[in-house]
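See below for the structure under consideration.
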Amino acid sequence: MTHPSTARHHWLMKSEPGECSIDDALQAPGATVAWTGVRNYQARNFMRDAMQVGDGVLFYHSSCPEPGIAGIARVASDTRPDPTQFDPSSPYFDPKSPADKPRWLLRDVQALKKTRLIGLPEMRATPELTDMVVLQRGSRLSITPVSEAHWRFITEKMAGR
DNA sequence: GCCAACGTTGGC
DNA sequence: GCCAACGTTGGC
């Protein structure tokens with residue numbers, strides 16, 4: 001029996017392509033970017049408590065003309081404080097975050113490959129994906145868990161070609 | 001730009 | 001602890 005803490009998880013992580021697209025991530029040193037700007041406790045807790053280095057990530061483009069899954073990535077580091085919370089010039093500045101007890105965390109994410117754009121309308125039209133957390137009514141979380149079945153269906157049946 | 005849905009804040 | 005007001009997200 002596999003211990004739960006060692007079970008591999010999968011995630012969908014939203015990024016605005018105007019800020020960091022899958023192409024930007026692939027061109028970064030080591031194809032790795034710091035996932036800055038998470039300012040929601042539930043999303044932070046996913047990163048802190050459930051993510052593990054090596055977990056698979058669906059790299060999702062949001063707030064753009066064609067929202068959808070744009071690539072595959074992996075969790076590449078443990079959590080560390082998100083430096084943008086202490087930067088007054090950053091849009092992610094949080095004046096209430098204590099310097100000695102940072103409120104917001106990030107992980108490094110390594111882009112592995114760009115896929116064809118699996119658009120949100122296509123995702124919604126795919127019966128196998130109707131239970132995905134990101135597709136539920138009112139879902140706004142920038143980081144959501146992805147089941148093994150959804151991960152396999154997307155990466156094996158949809159991302160190719 | 002609109003607005004539904006959800007999260008956070010702060011007075012009480 | 002309640003909850004109204006306000007802010008944010010993100011698709012459209």
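So you know, we letter chains A, B, ... as the sequences are listed, proteins then strands, and number each from 1.
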query: Starting at the 5' end of DNA chain B, which residue's closest nucleotide do you reach first, K96(A) or Q42(A)?
result: Q42(A)

query: Looking at residues at least two apart in the chain, or sitting in another chain, which of them share a side chain to side chain donor-acceptor pair (under 3.5 Å) with E19(A)?
result: Y92(A)

task: Sequence neighbours left out, what pairs pass salt bridge (Lys or Arg N to Asp or Glu O under 4.0 Å) with at least one residue falling in residues 25-36 of chain A?
output: none

message: Under the rule for ring-ring contact (aromatic ring centres under 6.0 Å, His included), what residues qualify as partners of F93(A), not counting sequence neighbours?
response: none

statement: Sorted by chain and residue number, the side chain to side chain donor-acceptor pair (under 3.5 Å) partners of R124(A) (sequence neighbours excluded) come out as none

- prompt: How does each nucleotide of nucleotides 5-12 of chain C score, in 5' to 3' order, for protein heavy atoms under 4.0 Å: base (B), sugar-phosphate only (S), or none (-)?
  reply: --BBBSSS

- prompt: How would you list, by chain and number, every residue that makes a ring-ring contact (aromatic ring centres under 6.0 Å, His included) with Y60(A), sequence neighbours excluded?
  reply: none

